[in-house]
Protein chains: 2
Amino acid sequence: MKFIEVEDDLYRYIASQTESIGESASAILRRLLELPPLGEIRVEPSLTADHNLAATVVASPVVSAIKDELAEIKQELVQQPTQQPIQQLCQSSDEFNSLVEHPQVLEQKASIGRFLMILSLLYRQQPQQFANVLNVSGRDRLYFAKDEDTLLASGPSSKPKQIESTPYWVVTNSNNGMKCRILRKALLAMDCSGDVADQIIEQI
Amino acid sequence: MKFIEVEDDLYRYIASQTESIGESASAILRRLLELPPLGEIRVEPSLTADHNLAATVVASPVVSAIKDELAEIKQELVQQPTQQPIQQLCQSSDEFNSLVEHPQVLEQKASIGRFLMILSLLYRQQPQQFANVLNVSGRDRLYFAKDEDTLLASGPSSKPKQIESTPYWVVTNSNNGMKCRILRKALLAMDCSGDVADQIIEQI
DNA sequence: GATATGATCGTAGGGATACTTT
DNA sequence: ACAAAGTATCCCTACGATCATA
């Protein structure tokens with residue numbers, strides 16, 4: 001992972017292009033630059049940026065559609081330039097997918113950090129759906145709750161921790177296998193597909 | 001200035017789009033994204049569609065005309081209230097300043113992490129100047145070296161650690177006060193001003 | 001003394017292992 | 001009896017305050 005310095009207004013511009021909640025800078029830039037979403041970009045120094053963009057060439061019939069869109073844009077400009085667009089709701093599957101190889105997860109040194117970060121991002125993406133995790137529990141221990149004491153009451157040595165930037169707490173004293181099982185249950189409770197859940201817990 | 005994280009291949013792609021020597025990431029991105037070179041970009045969420053439009057445009061004469069029109073619209077959206085002079089001062093002082101409240105430093109949980117991250121960023125910014133830190137040492141212990149054994153030889157319990165993404169190692173077994181003193185010496189050795197150095201070590 | 005430096009060692013977090021239950 | 005899942009003890013490491021030394 002690298003980082004690059006950008007001027008403040010450029011930063012805000014990039015941030016404003018976020019299409020799904022919690023989207024990383026890389027994902028946004030890849031979309032804006034029309035680059036492949038994953039894997040190795042083959043750097044071809046002899047080509048200019050325009051060439052690369054032109055690589056995804058579209059046939060001319062599209063042009064008239066583009067013109068129409070242009071007209072719409074102008075219309076909007078004239079009418080209500082400050083109007084907020086309706087937040088485009090993207091499907092859950094995309095949101096779950098964004099948790100695979102998420103930079104904020106990858107940068108955690110320990111598995112407990114990745115575990116907590118994934119949960120935090122999950123909440124950020126779907127705060128209301130996240131409540132479903134309250135139904136996820138073990139044999140005689142709760143795994144999730146909205147306060148520390150509830151968890152301690154059901155399992156005194158569960159080492160509850162608050163999930164950053166959320167009102168939820170989660171059990172922490174477990175090996176990695178158990179972390180995966182807990183996380184998987186939580187993901188399924190939020191209607192994540194089994195396949196994607198498996199990819200996500202792979203990161204633990 | 002802000003910092004954004006990008007994946008390695010994306011970073012290389014952006015770097016490969018450099019058109020003039022020493023060009024900043026911002027300048028490259030502005031060109032690639034067809035944004036104005038300077039000043040405040042007014043973020044206009046209702047027009048997010050226009051980028052996708054531009055991205056799907058083909059490299060044909062008709063389309064380039066449309067592109068021009070698009071560029072004009074974008075220009076309209078841009079405010080340049082104060083024609084700021086080009087901030088070409090990107091010299092050392094700026095580079096040191098960027099280490100103050102740096103996001104990658106702030107996200108570290110422990111002081112040792114912040115300590116190591118600052119050093120890592122320092123190296124990234126000035127790899128050759130960084131060699132000066134080899135002159136920074138304690139009474140009878142070395143603080144920096146290019147390998148573990150050299151440090152261990154001068155202080156067997158110094159717990160040397162490699163500074164991430166650099167060929168340098170640094171002593172780790174010290175309290176926070178000592179970490180600050182070591183870091184300050186290192187900064188000064190690299191010609192950082194005392195004031196800025198103080199701000200930087202404040203983060204430890 | 002007072003200050004700077006070195007390194008021991010107490011503490012807490014993390015998670016493998018061992019134990020328990022189904 | 002065996003396997004698999006769940007629980008929690010407890011070992012290990014890292015951090016860094018504190019104590020020892022110059």
Side-chain angles (χ1 to χ4, degrees), chain A residues 105-120 133 135-145 148 150-164 169-189 194 197-198 201-204, chain B residues 105 107-120 133 135-145 148 150-164 169-186 188-189 197 201-204:
Chain A
V105 175
L106 294 174
E107 84 198 358
Q108 299 296 319
K109 305 196 217 323
S111 66
I112 185 63
R114 294 186 287 276
F115 178 73
L116 291 169
M117 181 57 73
I118 290 171
L119 290 169
S120 179
V133 303
N135 299 321
V136 175
S137 64
R139 186 179 60 230
D140 41 31
R141 221 171 38 159
L142 289 175
Y143 289 156
F144 294 90
E148 181 174 17
T150 305
L151 290 182
L152 282 175
S154 77
S157 63
S158 63
K159 301 280 178 65
K161 280 210 178 115
Q162 184 158 22
I163 303 168
E164 195 184 292
W169 291 66
V170 64
V171 140
T172 267
N173 184 7
S174 61
N175 57 36
N176 290 349
M178 181 58 65
K179 287 195 194 85
C180 288
R181 262 169 272 144
I182 293 173
L183 188 53
R184 196 170 195 285
K185 283 188 186 183
L187 286 163
L188 295 182
D198 286 335
I201 67 177
E202 189 74 21
Q203 300 171 97
I204 298 294
Chain B
V105 175
E107 85 196 358
Q108 299 296 319
K109 306 196 216 322
S111 66
I112 186 64
R114 295 186 286 276
F115 179 73
L116 290 169
M117 182 58 74
I118 291 171
L119 290 169
S120 179
V133 302
N135 299 322
V136 175
S137 63
R139 185 181 58 233
D140 42 30
R141 219 170 43 155
L142 289 176
Y143 289 155
F144 294 90
E148 181 175 17
T150 305
L151 290 181
L152 282 175
S154 77
S157 63
S158 62
K159 299 282 176 63
K161 280 211 177 112
Q162 184 157 23
I163 304 167
E164 196 184 292
W169 291 67
V170 65
V171 141
T172 267
N173 184 8
S174 61
N175 58 34
N176 291 349
M178 181 57 66
K179 286 194 194 83
C180 288
R181 263 170 272 142
I182 293 174
L183 189 52
R184 194 169 198 286
K185 283 188 186 184
L188 295 182
I201 66 176
E202 190 74 22
Q203 300 172 94
I204 297 293

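Chain letters run A, B, ... following the sequence lines, proteins first and then strands; every chain starts at 1.
Across all strands, A:F115 comes closer than 4.0 Å to no nucleic acid atom at all (heavy-atom distances).
Here the straight-line distance linking atom CZ of B:R114 with atom NZ of B:K109 works out to 11.0 Å at 0.5 Å rounding. For the atom pair CD1 (A:I201) and CZ (A:F115), the distance works out to 11.0 Å, reported to the nearest 0.5 Å. From B:S174, atom OG reaches atom CG of B:L183 across 10.5 Å, with rounding to the nearest 0.5 Å.
The salt bridge (Lys or Arg N to Asp or Glu O under 4.0 Å) pairs that include a residue from residues 177-186 of chain A are A:R184-A:D198, where partners are two or more places apart or lie in different chains.
Rounded to 10°, the angle separating the first-five-pair axis and the last-five-pair axis of the helix from C:dT3-D:dA22 to C:dT22-D:dA3 equals 20°.
A:W169 has its side chain out of reach of A:T150: every pair of non-hydrogen atoms, C-beta onward, lies at least 4.5 Å apart. With a 4.5 Å cut-off on side-chain heavy atoms, A:Y143 and A:V133 do not count as touching. Using a 4.5 Å heavy-atom threshold, the side chains of A:I204 and A:I118 count as touching.
If you measure from atom CG of A:L152 to atom P of D:dA8, you get 11 Å, rounded to the nearest angstrom.
A search for side chain to side chain contact (heavy atoms under 4.5 Å, CB included) contacts involving A:E107 returns A:Q104, B:E5, B:E107, not counting sequence neighbours.
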Sequence neighbours left out, cut at 3.5 Å: what donor-acceptor pairs do the side chains of residues 151-159 of chain B make with other protein atoms?
residue : atom : partner : partner atom : Å
B:S154  : OG   : B:L142  : N            : 2.9
B:S154  : OG   : B:L151  : O            : 3.2
B:S158  : OG   : B:G155  : O            : 2.9

Subject >> Nucleic acid footprint by protein, nucleotides 10-22 of chain D - heavy-atom cut-off 4.0 Å, B for base, S for sugar-phosphate alone >> reply: -----SBBB---S
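A nucleotide of DNA chain C counts as in contact with chain A when one of its atoms lies under 4.0 Å from a heavy atom; the first and last such, 5' to 3', are C:dG14 to C:dT22.
In the displayed structure, A:E164 atom CD is contacted under 6.0 Å by at most 12 heavy atoms of other residues, nucleotides or ligands.
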